[in-house]
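As structure tokens, the structure follows; a few thoughts come after it.
Sequential numbering from 1 along the given sequence is applied to the chain's residues. Being a predicted model, the structure only gives us computed values, none of them experimental. Both counts, for ligands and for their atoms, begin at 1 and track the order of listing.
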Amino acid sequence: MQRDWIATARTLSEALPFLQRYDDAIVVIKLGGHAMGSEAALDSFARDIVLMQQVGVNPVVVHGGGPMVTDMLGRLGIESSFVGGKRVTSEEMIGVVEMVLSGSVNKSITQAINRQGGQAVGLSGKDGGLMTCTITDPALGAVGTPEHVDPTVLRALFDSDMIPVIAPIGAGESGETLNVNGDTAAGAIAAALGADRLLLLTDVAGVKNAEGELLTELTAAEIEALTADGVIAGGMIPKTETALMAIRQGVRAAVILDGRAPNACLLELFTEHGAGTIIRG
Ligand code: X2W
């Protein structure tokens, strides 16, 4: 089949108002471990991020990597358990968590972006005083809740056209290493930056109603009602909570979408169609 170049040109032309809307915008993208999938999916994600930056957006990638952490702990004979979506993190585990998230996972994402011609810089909440955390539930062990985010280092990277890629590791008040839920970290960073968009990329299409239909737009009140009814449950709860927290703290909109869908970020930002579930401030 011959490719329709005229349609391609029209697509680019139709993107103009969106490109103008997002010129110099800050977009925080949370890439969950479940959304990372294959090497090809990571390359496609990286290409979208580089394109975003090329057209004037300041993208910030915050990643998870829970499945990769569980895998490494398993190889070391250490069992994982989760309470309320958070990994109970012992002293023995925290070094492995940091090694996997700040090490192999972070570097695979920075490399994927660099392969597409971007300049990604990997860091964690410990770098440049980015994210200071407190322990809010001692029963979870070395798990931090972001208390203070200083985005100075991120703004310096924007000024140099570099793309920050952030592992969800924070520093405690006395400098200790703390494990932070990736969604929570992304929300706190988006709030501190006053981001235009927070994209939470996961492995489901978005928030669904009791009939299993995708809800493309939700208000804070609707999220509260769906959560009270048990329709929003399990792993979706930290995502909707993060979205609500972020918009209450000044992020213009948060979107929960399927990161495995081709060009998910571009579809959301640069087309009329949008993707997933949007929650506006
Ligand atoms: C997470 C950090 C990684 C993460 C963990 O240890 O799994 C806590 O639970 P996903 O891929 O986004 O789930 N931290 C405290 O959030 O990864």
Point to revise | NZ/NE/NH1/NH2 to OD/OE distance under 4.0 Å, Asp183 and Lys239 | key: yes
Under 3.5 Å, N or O to N or O, is Lys30 touching ligand 1 that way?
yes
So the atoms of ligand 1 within less than 4.0 Å of a heavy atom of Lys86 turn out to be 9 (O)
Here the atoms of ligand 1 under 4.0 Å from any heavy atom belonging to Gly182 are 4 (C), 16 (O)
With heavy atoms and a 4.0 Å threshold, my read on which part of Val180 contacts ligand 1 is backbone
Does ligand 1 come near enough to Gly66 that some N or O of the ligand is less than 3.5 Å from an N or O of the residue? yes
| Mind checking whether Gly65 has an N or O less than 3.5 Å away from an N or O of ligand 1? | yes
Kindly confirm or rule out an N or O of Arg87 lying under 3.5 angstrom from an N or O of ligand 1.
yes
Ligand 1 to Asn179, heavy atom cutoff 4.0 Å, flagged ligand atoms 1 (C), 2 (C), 5 (C), 6 (O), 8 (C), 14 (N), 15 (C)
Side-chain heavy atoms nearer than 4.5 Å, only ILVMFWY residues, links allowed to pass through others: does that put Met236 and Leu201 together? no
Numbered in order shown, the ligand 1 atoms found under 4.0 Å of a heavy atom of Gly33 are 10 (P), 11 (O)
Per-atom filter on ligand 1: closer than 4.0 angstrom to a heavy atom of Gly64 are 4 (C), 10 (P), 11 (O), 12 (O), 17 (O)
Does Asn114 use its side chain to pair, donor to acceptor, with the backbone of Ala120 at less than 3.5 Å? yes
So the atoms of ligand 1 within less than 4.0 Å of a heavy atom of Pro67 turn out to be 11 (O)
Requested in this report: Output yes when Arg47 and Asp43 qualify as a salt bridge under the 4.0 Å nitrogen-oxygen rule, no when they do not.
Outcome: no
Rounded to the nearest 0.5 angstrom, the CD1-OG1 distance for Ile278 and Thr216 is 9.5 Å
- prompt: Should Cys133 and Glu147 be marked as a side-chain contact (heavy atoms from CB on, under 4.5 Å) after you check the CA-CA gap, both sets of side-chain angles, and the distance that decides it?
  reply: CA-CA 5 Å; Cys133 299; Glu147 181 69 29; 5.6 Å; no
| task | Give a yes-or-no answer on whether the side chains of Thr219 and Arg280 include a donor-acceptor pair shorter than 3.5 Å. | result | no
Worksheet item: Is there at least one pair of N or O atoms, one from Asp183 and one from ligand 1, spaced under 3.5 Å apart?
Response: no
Sequence neighbours excluded, the answer for side-chain hydrogen bond (donor to acceptor under 3.5 Å, both in side chains) partners of Gln54 is none
